[in-house]
Amino acid sequence: MSPLRLLYLALATWGAIHPMYYFLRYMRENDGGFGAMIDAWYVNASTTGLTWDLTIAAISLTVWIVAETTVRKNWLALIAIPATFGIGVSCGLPLYLFLRSRPVT
């Protein structure tokens with residue numbers, strides 16, 4: 001595996017674990033409430049802006065993944081979409097780049 005692919009994989013792993021630590025911690029502190037976490041995303045203009053920034057980035061990434069997957073027929077790369085919306089762009093983007101850069105056989 002190339003150093004670049006290893007870097008993408010490391011970033012995807014970091015992008016899954018690090019944010020999830022804070023998400024789970026927040027939900028644990030708020031009685032396991034996912035609803036409370038969503039409310040926190042809109043608590044002020046700064047967090048609302050960041051929420052929309054990440055939402056637009058996630059939608060853009062999804063469009064790119066679908067468009068490229070259709071052309072390249074790399075169907076495994078579609079798993080980056082649920083990773084993007086279930087974890088975040090910090091996991092979905094490097095995961096997609098990792099899957100996209102695999103050698104074609």
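Everything quoted here is computed from the prediction, not taken from an experiment.
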Compare all side-chain heavy atoms of [X] with those of [Y] and state whether any distance is below 4.5 angstrom.
X     : Y     : answer
Met1  : Phe98 : yes
Val66 : Ile81 : yes
Thr84 : Leu93 : no
Tyr42 : Trp52 : yes

Not counting sequence neighbours, which residues clear side-chain contact (heavy atoms from CB on, under 4.5 Å) with Tyr21? List them please.
Arg25
Among the clusters formed by ILVMFWY side chains lying less than 4.5 Å apart, do [X] and [Y] turn up in the same one?
X     : Y     : value
Leu78 : Ile87 : no
Ile65 : Leu54 : no
Leu9  : Ile79 : yes
Trp41 : Met20 : yes
Phe23 : Phe85 : no

Separation of [Y] [atom2] from [X] [atom1] (nearest 0.5 Å):
X      : Y     : atom1 : atom2 : answer
Glu29  : Met37 : CD    : CE    : 12.0 Å
Leu11  : Leu6  : CG    : CG    : 11.0 Å
Arg102 : Leu76 : CZ    : CG    : 5.0 Å

Shortest non-hydrogen contact from [X] to [Y]?
X      : Y      : result
Pro94  : Cys91  : CD-O, 3.4 Å
Ser101 : Tyr8   : OG-CD1, 3.8 Å
Ala77  : Leu99  : CA-CD1, 3.8 Å
Asn74  : Arg100 : ND2-CA, 3.9 Å
Tyr26  : Ala36  : OH-O, 3.5 Å
Ala83  : Leu95  : CB-CD2, 3.8 Å

Would you call the rings of His18 and Tyr22 parallel, tilted or perpendicular, where under 30° means parallel and over 60° means perpendicular?
parallel
Are any side-chain N or O atoms of Arg5 and backbone N or O atoms of Pro103, one a donor and one an acceptor, separated by less than 3.5 Å?
no
Please check if the side chain of Thr69 supplies one atom and the backbone of Trp75 the other of a donor-acceptor pair under 3.5 Å.
no
Testing Thr62, Ile56, Leu61, Thr55 one by one against Ile59 for a side chain to side chain contact (heavy atoms under 4.5 Å, CB included), which residue passes?
Thr55
In chain order, what residues pass the side-chain hydrogen bond (donor to acceptor under 3.5 Å, both in side chains) check against Thr51, with sequence neighbours excluded?
none
Report, as yes or no, whether the 6.0 Å neighbourhood of atom CH2 on Trp64 holds more than 12 heavy atoms from other residues, nucleotides or ligands.
yes
